[in-house]
Structures are given as structure tokens and as C-alpha cells.
Trainee: 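One structure coming up, written as C-alpha cells, with questions to follow.
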Amino acid sequence: MDVLVLDSIQKAYGPVKALKGVSLAIPEGTVYGILGPNGSGKTTLLSIILDVLAADKGSYSWFGKPGSKEQRKKIGSLLETPNFYHYLSAVNNLKITHTISGRGSLADIHDVLKKVNLYERRNSRFSTYSLGMKQRLAIAAALLGAPKVLVLDEPTNGLDPVGIAEIRDLIKLLRENGTTVIIASHLLDEVEKVCTHVAILKTGTLITQGTVEEVLADEDLLEIAAPDLEALKNQMARYPGIDSTETANGLLILKGPKGSINPAAINSYCHGAGISLTHLALRKKRLEARFFELTSN
Ligand code: ATP
């Protein structure tokens with residue numbers, strides 16, 4: 001079942017077309033990354049599905065129905081860092097969030113603090129928290145009321161590597177508990193590490209979507225070298241399963257689909273043909289290169 005379906009959503013800010021007809025379906029239980037460079041329309045898209053902004057055209061539905069107050073309760077969100085009171089503890093801040101939003105119950109507060117790993121520090125003042133802890137408290141606030149879906153805009157912005165890893169672990173945990181998580185991010189690495197699915201946005205247009213494996217499928221690159229590179233190239237032209245070969249910097253580079261190139265087999269093939277390899281290295285095509293390919297003109 002899809003938790004969210006978007007149908008041809010359009011949005012312009014005066015002459016700027018921020019979304020040019022975006023259609024998308026987000027299956028239940030996934031961690032869905034909306035990946036795109038700055039200005040591609042991610043925040044606009046999240047604002048529309050959270051009913052903060054109205055679309056100019058198109059429609060969307062949550063759990064198969066148009067947005068309603070009842071539906072909205074099933075969705076937790078973090079679009080921008082909420083304003084917590086610096087002199088209050090995590091518990092007291094969440095009590096205020098609960099009172100204002102009406103989400104969850106007072107009894108839920110300890111639960112969400114445990115989930116985001118802040119329970120031990122629940123009585124410390126917000127002002128004593130690290131940036132990562134502040135962000136986790138913001139996620140805790142979004143988790144009040146046990147939403148089925150959590151929507152996060154750039155959840156690791158400004159965090160150090162430890163803070164980033166903590167958010168990543170938290171998202172994995174939520175997913176294991178069956179929460180669908182929708183994340184907007186401009187960081188390929190973040191999406192690759194936590195998401196199961198990804199849609200790539202470029203200047204308001206969705207250019208591709210699918211599982212992370214499908215969309216960011218990389219290929220194998222094998223670098224080999226021998227004293228006579230030309231002879232090596234001729235020999236490798238007869239080897240099955242290689243998509244292309246090219247020479248660069250005294251190396252022969254073989255390309256093939258992911259998992260298709262077996263260095264040991266190629267080594268013995270060359271040896272059998274009387275060629276001794278002086279270099280053999282398997283490299284994965286960097287996902288950045290693939291992302292760049294998809295988003296550049
Ligand atoms: P970022 O990661 O930089 O926030 P984004 O992918 O979230 O980028 P949006 O913030 O949705 O992108 O912006 C999409 C486009 O709409 C950009 O060209 C942006 O300049 C423009 N835009 C966004 N908000 C407004 C606004 N309130 N008024 C005018 N233009 C806007």
C-alpha cells in the first residue's frame with residue numbers, strides 16, 4: 001500500500017516554477033529520500049504534502065484519501081527546527097509541544113525520549129544540549145502521538161559526523177518499527193546510507209524514482225595493466241561480459257554491470273594467454289558520478 005501519492009503537483013512563486021508537475025508514490029514501510037540539489041523544490045514539495053503551502057495544480061492523498069485533520073495526525077513532521085525553550089528541560093519542552101499540538105499524551109513523552117536516546121538527559125536544560133541532541137529532541141517532538149509517517153527536511157543539516165550517525169541510527173530504528181520515513185536531502189551519501197527508495201528532483205522535475213539500488217545502480221570498473229597494454233587490450237576484447245574498455249594513464253579500464261567482473265577469473269585468463277598483469281584493481285563506479293550524471297544537463 002502507498003502511504004502517499006502525488007499526482008502532477010505544480011507550484012510557482014511568481015515567475016519561478018518550483019514544481020513542474022511532480023507525480024510520486026511512496027510505499028508503506030520505506031525510507032523514502034527526495035534527493036536534489038539546492039533549489040530543486042524539495043522543501044516546496046514537503047510543504048505542500050504537509051498542508052503548509054497550497055499547490056497551484058495537481059493533488060495528493062495520504063493513505064488513499066485527500067488530506068484531512070484526522071489523516072494529519074498520522075503524520076509527524078520536521079520542516080524546520082522548532083523553537084524550544086532554552087531554560088526548560090526536554091520533558092518540559094515536550095509537555096509544551098504536546099499541549100500546543102494536541103499530539104500524543106503526557107505518558108508518550110518518556111517513550112519518545114527513549115526512542116531518540118535522550119531519556120538519560122530528559123531533565124537537563126535544552127541549552128546544555130549539543131546540536132545533535134537538539135535535533136533528536138525535535139524528532140522526538142515529531143514522534144509524539146506515534147505517527148505512521150515521519151517527514152523530515154534535511155535532518156542532518158549542520159550536524160557533525162557523530163550527530164549524523166545518531167540520526168541515521170534513529171531512522172533505521174523507526175523503519176524497523178514500521179514507520180514510513182520521508183526525507184528531503186541534498187546529500188547523496190545520506191540517502192544512500194539510510195533510504196530504501198529515492199526520487200531525484202531537478203529544478204522542479206522528478207527525473208527518476210525507484211529503489212536506491214535501481215536508481216543509483218553502479219557499475220564495476222576493473223583497472224588492469226601489463227607491460228604491453230595494446231596486446232592486453234586486444235586480448236580483453238575477446239573476453240565475454242565486458243561492456244567497454246578504455247585506456248587511461250597506462251591502465252586498461254574494463255566496465256561492466258555491478259557484480260559482473262571477476263578479477264580472479266580475468267587474472268587467470270590473462271595468465272593463460274601469456275600476459276602477466278602488473279596491476280589489478282576493482283573499483284566501484286562512484287555513486288556521486290551517477291548522481292552528477294542524473295542531475296547535470
Ligand atoms: P534548498 O535545499 O536550498 O532548500 P529545495 O530543493 O528545498 O532547496 P525549494 O526551497 O523548494 O528547494 O525552492 C525551489 C525553488 O523555489 C528555488 O528556485 C527557490 O529559490 C524558489 N523559492 C522557494 N521559496 C520561495 C519563495 N517563498 N518565494 C520565491 N521563490 C521561492
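Given the structure is predicted, the values throughout are model-derived calculations rather than measurements. As the structure lists them, so they are numbered: ligands from 1, and atoms in each ligand from 1.
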Trainee: Judged by modelled atom types alone, do R103 and T97 share a side-chain donor-acceptor pair under 3.5 Å?
Mentor: no

Trainee: Among L221, L282, L222, which residue meets the side chain to side chain contact (heavy atoms under 4.5 Å, CB included) test with L254?
Mentor: L222

Trainee: For atom 1 (P) of ligand 1, tell me which residue out of S185, A12, G39, G36 has the closest non-hydrogen atom.
Mentor: G39

Trainee: At a 4.0 Å threshold, what atoms of ligand 1 neighbour a non-hydrogen atom of T44?
Mentor: 9 (P), 11 (O), 13 (O)

Trainee: Identify the protein heavy atom lying closest to atom 18 (O) of ligand 1, giving its residue, its atom name and the separation to 0.1 Å.
Mentor: V16 CG1, 3.7 Å

Trainee: Yes or no, since that's all I need: does a protein heavy atom fall within a distance strictly under 4.0 Å of atom 26 (C) of ligand 1?
Mentor: yes

Trainee: With a cut-off of under 6.0 Å to the ring centre and 45° to the axis, is K74 in cation-pi contact with F63?
Mentor: yes

Trainee: Tell me which one of R136, R168, E190 satisfies side chain to side chain contact (heavy atoms under 4.5 Å, CB included) with P155.
Mentor: E190

Trainee: Name the closest protein heavy atom to atom 4 (O) of ligand 1, giving the residue it belongs to and the distance to 0.1 Å.
Mentor: T43 OG1, 3.6 Å

Trainee: Is G41 close to ligand 1, meaning an N/O of one under 3.5 Å from an N/O of the other?
Mentor: yes

Trainee: Output, in order, the C-alpha distance, side-chain angles, deciding distance and verdict of side chain to side chain contact (heavy atoms under 4.5 Å, CB included) for Y85 and F126.
Mentor: CA-CA 7 Å; Y85 291 96; F126 180 75; over 6 Å; no

Trainee: For Q209 and H197, test the side chains for any donor-to-acceptor distance below 3.5 angstrom and give the result as yes or no.
Mentor: no

Trainee: Is there a protein heavy atom at a distance of less than 4.0 Å from atom 20 (O) of ligand 1?
Mentor: no

Trainee: Indicate whether any N or O donor in one side chain lies under 3.5 Å from an N or O acceptor in the other, for S89 and N123.
Mentor: no

Trainee: Give the residue, atom name and distance (to 0.1 Å) of the protein heavy atom nearest atom 29 (C) of ligand 1.
Mentor: Y13 CB, 3.3 Å

Trainee: Crowded around R125 CZ? As in, over 12 foreign heavy atoms under 6.0 Å?
Mentor: no

Trainee: In terms of side-chain heavy atoms, does T180 have a donor or acceptor partner in E28 at a distance below 3.5 Å?
Mentor: no

Trainee: Which atoms of ligand 1 are found less than 4.0 Å from any heavy atom of S40?
Mentor: 5 (P), 6 (O), 12 (O)

Trainee: With atoms numbered from 1 as shown, which atoms in ligand 1 lie under 4.0 angstrom from a non-hydrogen atom of A18?
Mentor: 14 (C), 15 (C), 16 (O)

Trainee: Quick one: which ligand 1 atoms are inside 4.0 Å of a heavy atom on K42?
Mentor: 2 (O), 5 (P), 6 (O), 7 (O), 8 (O), 11 (O), 12 (O)

Trainee: P37 heavy atoms, cut-off 4.0 Å: which ligand 1 atoms fall inside?
Mentor: 6 (O)

Trainee: Could you pull out, from N38, L35, T203, the option with a heavy atom nearest to atom 2 (O) of ligand 1?
Mentor: N38

